[in-house]
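Have a look at the structure below, then the notes.
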Amino acid sequence: QVQLMESGGGLVQPGGSLRLSCEASESIVSIATVAWYRQAPGKLRDFVAQIQVKGGANLINVADSLEGRFTISRDSAKNTVYLQMNNLKPEDTATYYCNAPGSNSWGQGTQVTVSS
C-alpha cells in the first residue's frame with residue numbers, strides 16, 4: 001500500500017504561515033485523492049482539505065471554515081501534496097495528517113502549534 005509521510009509543522013505566531021508536506025511512496029497521481037485532516041488533543045479528527053485528480057484537472061475542496069486561509073496543491077514530480085496555511089490562529093493548533101480517503105492507515109502526523 002501507499003505510504004504517506006507528513007512534515008513541515010512547527011511553532012508559529014498567530015497570523016503566521018506554514019506549508020505542510022505530504023510525501024507519498026508511490027505516484028501521487030495514482031492515489032487520485034489525498035486529504036488533509038487535523039486533530040487536537042481530546043477532539044475528533046476534522047477534515048481540512050482534499051485534492052482530487054479528475055480528467056487531468058485538480059479538484060480542490062477546503063473546509064468551509066478554513067477556506068480563504070488554507071489551500072491545497074500537489075506536485076506529482078515530487079510525489080507530494082502540500083497544505084498552505086495562512087493567517088494561522090491559535091485554534092489551528094493540532095496534529096495534521098494526510099491520508100487517502102477511505103484508508104485506515106494513519107501516520108504520525110505533523111504538529112502545528114500557533115502561539116505567541
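Taking a 6.0 Å sphere around CD of Glu91, one finds it holds more than 12 heavy atoms contributed by other residues, nucleotides or ligands.
Thr95 has its side chain out of reach of Tyr37: every pair of non-hydrogen atoms, C-beta onward, lies at least 4.5 Å apart. Put simply, the side chain of Val53 reaches to within 4.5 Å of the side chain of Arg74, judged on heavy atoms. Inter-residue side-chain proximity for Lys89 and Pro14 is flagged as unmet; no heavy-atom pair is nearer than 4.5 Å.
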Take Gln50 and Thr33 through the test side-chain hydrogen bond (donor to acceptor under 3.5 Å, both in side chains) and record every step on the way to the result.
CA-CA 7 Å; Gln50 72 173 31; Thr33 303; 5.5 Å; no
Determine, stepwise, if the pair Ser115 / Leu11 fulfils side chain to side chain contact (heavy atoms under 4.5 Å, CB included).
CA-CA 7 Å; Ser115 176; Leu11 174 64; 4.2 Å; yes
Asp75 and Thr80: CA distance, side-chain angles, deciding distance, side-chain hydrogen bond (donor to acceptor under 3.5 Å, both in side chains) verdict:
CA-CA 5 Å; Asp75 186 338; Thr80 302; over 6 Å; no
Applying side chain to side chain contact (heavy atoms under 4.5 Å, CB included), run through Asn58 and Gln52 and close with a yes or a no.
CA-CA 6 Å; Asn58 291 321; Gln52 179 182 27; over 6 Å; no
Step-by-step side chain to side chain contact (heavy atoms under 4.5 Å, CB included) determination, Val81 to Trp36
CA-CA 9 Å; Val81 170; Trp36 282 96; 3.7 Å; yes
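Hydrophobic cluster membership differs between Trp106 and Met5, with clusters built from Ile, Leu, Val, Met, Phe, Trp and Tyr side chains linked at under 4.5 angstrom.
Residue Met85 is tested with Val114, Val48, Asp92, Leu20 for a side-chain contact (heavy atoms from CB on, under 4.5 Å); the sole match is Leu20.
Nearest heavy-atom pair across Gly109 and Glu6 is N-OE1, 3.2 Å. The shortest non-hydrogen separation linking Leu18 to Gln84 is O-NE2, 3.6 Å. In terms of heavy-atom proximity, Ser105 sits nearest to Asn99 at O-ND2, 2.7 Å. Among all heavy-atom pairs drawn from Val34 and Cys98, the shortest one is CG1-CB, 4.4 Å. In terms of heavy-atom proximity, Asn87 sits nearest to Ser17 at N-OG, 4.1 Å.
In this structure, CG in Leu66 is found 8.5 Å from CG in Leu83, a value given to the nearest 0.5 Å. Note: Ser21 OG to Leu4 CG = 12.5 Å, rounded to the nearest 0.5 Å. The OG1 atom of Thr71 sits 11.5 Å away from atom CZ of Arg69, with the distance rounded to the nearest 0.5 Å. To the nearest 0.5 angstrom, Ser65 atom OG is 8.0 Å from Asp46 atom CG. The CD atom of Gln39 sits 5.5 Å away from atom OH of Tyr97, with the distance rounded to the nearest 0.5 Å. To the nearest 0.5 Å, atom OG of residue Ser7 and atom CD of residue Gln108 are 13.5 Å apart.
Formation of a donor-acceptor pair under 3.5 Å by the Ser25 side chain with backbone atoms of Gln3 is found in this model.
Under a cutoff of 6.0 Å and an axis angle of 45°, Arg38 and Tyr96 do not form a cation-pi pair.
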